[in-house]
Protein chains: 2
Amino acid sequence: MPKTTKKRPLYSTIYKQLRSKIFNGSFLPGEMLPSESHLCTEFHASRETVRKGLKELESEGLIYSRPKIGYFVCTPRHSDFTVNFTEYFEGCTTQYKDIHGTLPDERVQKALDISPSQVVIEFEQLTINPDGAIIAYSKKYLPYERAHPSVENELNYAVFPDITLPKMDTYSMYTSIRISAVAADEKLADTMQCDIGEPLLLIERFFIQQDDCLAGYALFYVKQPYGQLNGMSGHRL
Amino acid sequence: MPKTTKKRPLYSTIYKQLRSKIFNGSFLPGEMLPSESHLCTEFHASRETVRKGLKELESEGLIYSRPKIGYFVCTPRHSDFTVNFTEYFEGCTTQYKDIHGTLPDERVQKALDISPSQVVIEFEQLTINPDGAIIAYSKKYLPYERAHPSVENELNYAVFPDITLPKMDTYSMYTSIRISAVAADEKLADTMQCDIGEPLLLIERFFIQQDDCLAGYALFYVKQPYGQLNGMSGHRL
DNA sequence: GAGTGGTCTAGACCACATG
DNA sequence: ATGTGGTCTAGACCACTCT
């Protein structure tokens, strides 16, 4: 029972010790760490082993290296947040409201960067909680005439994420998001069964292919306090 | 002029080639990559060099390794977004409205996990754009009786991020965030000079010390369409 | 010139997976 | 038994910075 502290590899020990020195303030942001060779002697390790520990800290965003000079502690960014958003709500059902081709309004034209005469496919759906109350409403738009039929399936994934989020298994596109607050207008209030003027959280998403083509645009309106977004920033431990 | 392709280190070439095979679909999510030794012979590289290339892909979240089995392509997560939020708005000024001790209302009690009798310090400020219009209003709360005077300065950083964001240079705390939409009530409409019922984006932040103590709570109301939040998800290139 | 990090190699031993 | 990834070493050469 004496030395059960034997599993941890050496590079990980180096990583952990340096890491805690950063968190307890022994190394402050901007300061330089001991050189690789110093760490080699301090930890009785080879240089590559030391470098492996440092690499972990670097990947984690805690340090960076200035070649030929040394390693430095990063200044933490408290303004970048990781936010999780899915259209899926615990215990809720999704109801497809309408699917049809249409001409884009101005907002959709801008979002998809298309002309007013370019037909788009519009998908509408509602998210309904177990009590039967509508908590979210989404509209999604795809350009109709598309050159790449191979992308069809992926677009379906993008459009039906509730069905396919776990299967959205391609690197062919990425997403950008915009979060804002809007008041329900007459039409929204009607379809979402809420009051006119009621504040809604609006989450817009742009589906962008790696070739920079815009492949889809989605509007997601959420009743409050349902569907608030949560996120984290900074480093823990 | 023939071979100017000479600067790139070998491990980086390995990384880039595997990466593009992931992005063009040669390797699909869930699939296994060639083994390290295969890659060694394919690229005429030593094992550690191959591993270095693989490590890059792993750090980037494109692949993961199942020890003793092989490397696999990750399934991309299209539901995690990186969002940037600062209280600073281009060209805007900040006006301190009020600073005083007070008893917390229910919301603040919950946020800071304190009792109703625990005094808190309340900071209020307004963000004003060049035209003189109010575009944001924030309220921040700090528990008054604090055990760690050494944290004082950091709290000031947390409370006055406009002054100190670039100096918020500690790993002693991290932040959690909540985004929602609210309607301006009478009081908000008054201080923000907007209509009652006008939709506002509300960004709440919780400042949490590494020892899990709650060090601060901030409410940030933003008029629309100012201060929308933008984010990204997925991998580009 | 001494010190730094960046790259790369050719081994080695291990624990575990699979057949 | 073979193949896999995980760890580790002791060198090596380079290009650069600092003084």
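Below, chain A is the first sequence line, B the second, and so on; all start at residue 1.
In this structure, NZ of A:K68 is placed 4 Å from C1' of D:dA15, rounded to the nearest angstrom. Look at NZ on B:K55: it is 14 Å from P on C:dT7, rounded to the nearest Å. With rounding to whole Å, B:F43 atom CZ is found 13 Å from C:dC8 atom P. A:L10 places its CG atom 19 Å from the P atom of C:dC13, with the value rounded to the nearest Å. The NZ-P distance, from B:K52 to C:dT7, rounds to 4 Å in whole Å. Taking atom CZ of residue A:F72 and atom C1' of nucleotide C:dT4, one finds them 10 Å apart after rounding to whole Å. Remark: C1' of D:dG6 and CD of B:E48 are 9 Å apart, rounded to the nearest angstrom. Here D:dT9 presents its C1' atom at 14 Å from CZ of B:R47, a figure rounded to the nearest Å.
Remark: C:dA17 base-pairs with no nucleotide in the shown strands. Criterion, Watson-Crick or G-U wobble with two distances under 3.5 Å.
OP1 or OP2 of C:dT4 has at least one side-chain nitrogen or oxygen of A:S37 nearer than 4.0 Å. One finds a side-chain N or O of A:Y71 lying less than 4.0 angstrom from the OP1 or OP2 phosphate oxygen of C:dG6. B:H38 has no side-chain polar atom (N or O) that falls below the 4.0 Å cut-off from OP1 or OP2 of D:dG3. For A:S35 and C:dT4, the shortest distance from a side-chain N or O to OP1 or OP2 is below 4.0 Å. Look at A:S46 and you won't find any side-chain N or O under 4.0 angstrom from OP1 or OP2 of D:dG11.
B:V222 has its side chain out of reach of B:T127: every pair of non-hydrogen atoms, C-beta onward, lies at least 4.5 Å apart.
For B:R51 against D:dG5, no side-chain N or O and base N or O form a donor-acceptor pair under 3.5 Å.
In this pair, A:H235 and A:F23 present their aromatic rings perpendicular. The plane angle is above 60°, beyond the 30 to 60° band. The aromatic rings of B:F89 and B:F220 sit parallel, their planes meeting at an angle under 30°, below the 60° perpendicular limit.
Ion pairing between A:E204 and A:R107 holds under the 4.0 Å rule for side-chain N and carboxylate O.
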From CA spacing to verdict: side-chain hydrogen bond (donor to acceptor under 3.5 Å, both in side chains), A:E48, A:Y11:
CA-CA 9 Å; A:E48 285 294 352; A:Y11 80 89; over 6 Å; no

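Map A:T49 and B:G70 each onto its nearest nucleotide of DNA chain D; the residue landing nearer the 5' end is B:G70. When each of A:H44 and B:E36 is assigned the nucleotide of DNA chain D bearing its nearest heavy atom, the one mapping closer to the 5' terminus is B:E36.
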